[in-house]
Amino acid sequence: MITLNNKYVCCGLGALAIAGQASAQQKTQTKPNIIYIMCDDMGYGDLGCYGQRFISTPRIDRMASEGMRFTQAYAGSPVSAPSRACFMTGQHSGHTLVRGNKEYWNNSNLNMRYGVNTDYSLVGQHPYDPDHVIIPEIFKDNGYTTGMFGKWAGGYEGSVSTPDKRGIDEYYGYICQFQAHLYYPNFLNEFSRSKGDTEVRRVTLEENINYPMYGSEYLNRTQYSADLIHQKALEWLRNQSASQPFLGIFTYTLPHAELAQPDDEIYQAYKDKFCECEEKVYGGDQWSRYNPTDHAHAQFAGMITRLDQQVGEILDLLKEKGLDENTVVIFTSDNGPHEEGGADQPFFNRDGLLQGLKRSTYEGGIRIPFIVRWPGKVAAGVDNDHQFAFYDLMATFCDIAGIENYEENYRNKSLDQDYFDGISIYPTLTGQGEQQKHDYLYWEFHETNMLGVRMGDWKLVVQNGNCRLYDLATDIHEDNDVASAHPDIVEKMKEICRTAHTPNSLFNVTIP
């Protein structure tokens, strides 16, 4: 070995082979790869790099130090399925078809036997509009290999919108987000184009089904879905090469309820580490499929650290395969934090930076962690306050991949207007070109009958048609309603609500 600029450099045939391989990779592929990691219900303050003090997240923190950390990034919606729809469709929640967690399971189809358990014969959420293009379809059409691992939530089993019908080559995970409430489920869903599958199918988890889904015997189950999904994602990633660009959408379910995981060194690092007065006991909710736990704080912390380790393994594998520098890796969460299944957001985020949880259009329900790492393209260790939302990612991904005119080329020409609401953040990421900004960001959510509009530093929160106005420049916690002092601003933002919203009979909201 010799030392060059304080770094060790290997000499000999091995080093020459590595250099030759890297050179060959540069010649065979110019389009960047994209890995998009979206976890489930992680709040803005749940990572060390965003101020978390009780949970260890060294790999994601390092990813932030090696890339760009956004401080004013927003989900598409304050809840799972519509937020993912905004990402996939490039539409905000006033335009996209899926605006809520509409379920396609009920007691009438609770008729499938899995060992000692009875489960649903049909599961899933409302389908994405089959006539509006989604991200993996665009990338598949432009020569990318596509893989998705984790939660789908874009259509129920057998519907017009399942991974096999929407441009995805390899899929493994939960079609139904309700099924994802169980970390040791009876089955998962799989589709593999390379193995000759023609549609999504169920994969029974044989080691789980001989124990009940709820109660004292539940943890005798051994097939932990978060690990199974992650291993499938790594297997897919190992099969990728520099000769073919790839898009990986890793919609991991951690750290969403229930609070359950293997009793290994990750969990043991937190178990009994919180003093007795601080630990939380959760009694469970059988209908929601949230099993009880005596260590809710330890479980939640361990699940986030487990996710952090998985992100590290993804980054390590990219480096091992020589794909590191040509791969954009994004880490984010689908919406704000939850208090389901025993989770305790006030305990872990004691600074109370943001008001509101999942299902709320206050900042806490929609502002999310967002980190981008792309060596040599995205500046390292940079904090950025650019305001954007998930519906900007279709445009951003297309810019990264050099896919031009996606709105014109992929719009549904049978409609007078097929909405594409995104503005690419590629200039912000790379420093190339001038960054265009939104006049406003918009959200709506029918279950809580809430809307939200951000216009510069002004934030309008609407609930049941009633408006509250906040100045986020001085009131990030949204405590002081200044609507009466700025009626002109309120009226302007109310008009935005009226023009941004298109009617949707499935997900009704009150427009002011």
Side-chain angles (χ1 to χ4, degrees), residues 28-29 31-38 84-85 87-90 122-125 127-177 179-180 185 187-205 225 227-253 314 317-318 321 323 326-329 393-394 397-398 400-401 403 406 409-410:
T28 55
Q29 180 183 333
K31 288 186 176 183
N33 312 303
I34 301 174
I35 297 291
Y36 179 73
I37 307 168
M38 178 194 289
R84 295 159 194 270
F87 160 67
M88 283 288 203
T89 65
L122 176 72
V123 294
Q125 282 65 53
Y128 299 145
D129 182 352
D131 294 323
H132 179 86
V133 71
I134 64 173
I135 287 174
E137 291 174 320
I138 294 174
F139 275 71
K140 180 68 177 170
D141 193 43
N142 283 272
Y144 274 70
T145 296
T146 57
M148 185 169 178
F149 304 89
K151 184 189 287 189
W152 170 245
Y156 56 88
E157 292 173 314
S159 72
V160 295
S161 182
T162 49
D164 52 302
K165 302 180 180 80
R166 304 308 307 257
I168 293 170
D169 293 318
E170 305 289 327
Y171 174 79
Y172 187 84
Y174 293 94
I175 289 293
C176 176
Q177 62 188 27
Q179 290 286 329
F187 65 89
L188 290 170
N189 299 95
E190 185 170 26
F191 170 73
S192 175
R193 200 176 305 277
S194 65
K195 295 177 182 177
D197 288 345
T198 57
E199 61 185 3
V200 172
R201 54 189 170 81
R202 290 187 179 186
V203 178
T204 301
L205 302 184
S225 62
D227 288 347
L228 296 176
I229 290 166
H230 176 58
Q231 291 307 316
K232 283 286 187 179
L234 291 182
E235 178 185 336
W236 175 81
L237 191 52
R238 287 190 190 96
N239 289 331
Q240 304 311 306
S241 71
S243 62
Q244 176 84 21
F246 57 85
L247 168 68
I249 301 174
F250 296 177
T251 50
Y252 286 5
T253 55
I314 293 166
L317 182 55
L318 288 170
K321 289 183 64 64
L323 299 170
N326 199 40
T327 303
V328 186
V329 181
L393 296 181
M394 176 183 283
F397 284 15
C398 285
I400 289 170
I403 300 170
Y406 77 94
N409 292 336
Y410 292 99

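Keep in mind that this is a model prediction, so the values were computed, not measured.
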Item to check | Interatomic spacing from CG in Leu247 to CG in Asn142 - rounded to 0.5 Å | outcome: 11.5 Å

Next on the checklist: Do Cys176 and Tyr156 make a side-chain contact, defined as non-hydrogen atoms from C-beta onward lying under 4.5 Å apart?
Outcome noted: no

Checklist entry - Do the two ring centres, one from Trp236 and one from Tyr171, sit under 6.0 Å apart? => result no

Item to check | Asp164/Thr198 under side chain to side chain contact (heavy atoms under 4.5 Å, CB included): CA gap, chis, key distance, verdict | outcome: CA-CA 7 Å; Asp164 52 302; Thr198 57; over 6 Å; no

Checklist entry - What's the spacing between Tyr36 OH and Ile135 CD1 if we round to 0.5 Å? => result 7.5 Å

Checklist entry - Under a 4.5 Å cut-off applied to non-hydrogen side-chain atoms, are Ile168 and Trp152 in contact? => result yes

Checklist entry - At their closest point, which heavy atom of Gly155 faces which heavy atom of Ile175, and how far apart are they? => result O-CG2, 3.4 Å

Checklist outcome for this item: In short, Lys321 meets Leu237 closest at the heavy-atom pair CE-O, 3.4 Å

Checklist outcome for this item: Ser194 meets the side-chain contact (heavy atoms from CB on, under 4.5 Å) criterion, sequence neighbours left out, with Glu170, Ser192

Checklist outcome for this item: Shortest non-hydrogen pair, Val160 vs Pro130, comes out as CG2-CG, 3.8 Å

Next on the checklist: Working to the nearest 0.5 angstrom, can you tell me the gap between Arg238 CZ and Glu235 CD?
Outcome noted: 8.0 Å

Checklist entry - Do the side chain of Gln125 and the main chain of Gln177 share a donor and acceptor less than 3.5 angstrom apart? => result yes

Next on the checklist: A side-chain contact here means heavy atoms from C-beta on lying under 4.5 Å apart; do Arg166 and Met88 qualify?
Outcome noted: no

Checklist entry - In Å and rounded to the nearest 0.5 Å, what is the CG to CD1 distance from Leu318 to Ile35? => result 6.0 Å

Checklist outcome for this item: Paired with Lys140, the side-chain hydrogen bond (donor to acceptor under 3.5 Å, both in side chains) test is passed by just one of Asp169, Thr145, Thr146, namely Asp169

Item to check | Euclidean distance, Tyr252 OH relative to Ile229 CD1, rounded to 0.5 Å | outcome: 8.5 Å

Item to check | Within-4.5 Å side-chain heavy-atom neighbours: Asn189 and Gln179 | outcome: no

Next on the checklist: Tell me the closest heavy-atom pair linking Phe139 and Cys398, and the distance in Å.
Outcome noted: CZ-N, 4.1 Å

Checklist entry - Any side-chain heavy atom of Ile134 within less than 4.5 Å of one from Glu137? => result yes

Checklist entry - Can you check whether Phe246's main-chain N or O pairs, donor with acceptor, with Asn33's side chain at less than 3.5 Å? => result yes

Next on the checklist: Closer than 3.5 angstrom, by distance alone: can the side chain of Lys165 be matched with the main-chain N or O of Ser159 as a donor-acceptor pair?
Outcome noted: yes

Checklist entry - Do Glu157 side-chain atoms and Val123 backbone N/O form a donor-acceptor pair below 3.5 Å? => result yes

Checklist entry - How many angstroms lie between atom NZ of Lys151 and atom OG1 of Thr253, to the nearest 0.5 angstrom? => result 7.5 Å

Next on the checklist: Hydrogens and angles aside, do Ser225 and Tyr174 bring a side-chain donor and acceptor to less than 3.5 Å of each other?
Outcome noted: yes

Item to check | Minimal non-hydrogen separation, Pro136 against Ile249, with atom names | outcome: CD-CD1, 4.3 Å

Checklist outcome for this item: Pro163 and Val200 have their tightest heavy-atom pair at CD-CG2, 3.8 Å

Item to check | Exam field: side chain Gln231 to backbone Leu228, donor-acceptor pair closer than 3.5 Å | outcome: no

Next on the checklist: Determine whether the aromatic ring centres of residues Phe149 and Tyr172 are separated by less than 6.0 angstrom.
Outcome noted: no

Item to check | Heavy-atom check, side chain of His230 versus side chain of Ile314, under 4.5 Å | outcome: yes

Checklist entry - With side chains defined as the heavy atoms from C-beta onward, is the minimum distance between Phe87 and Phe397 less than 4.5 Å? => result yes

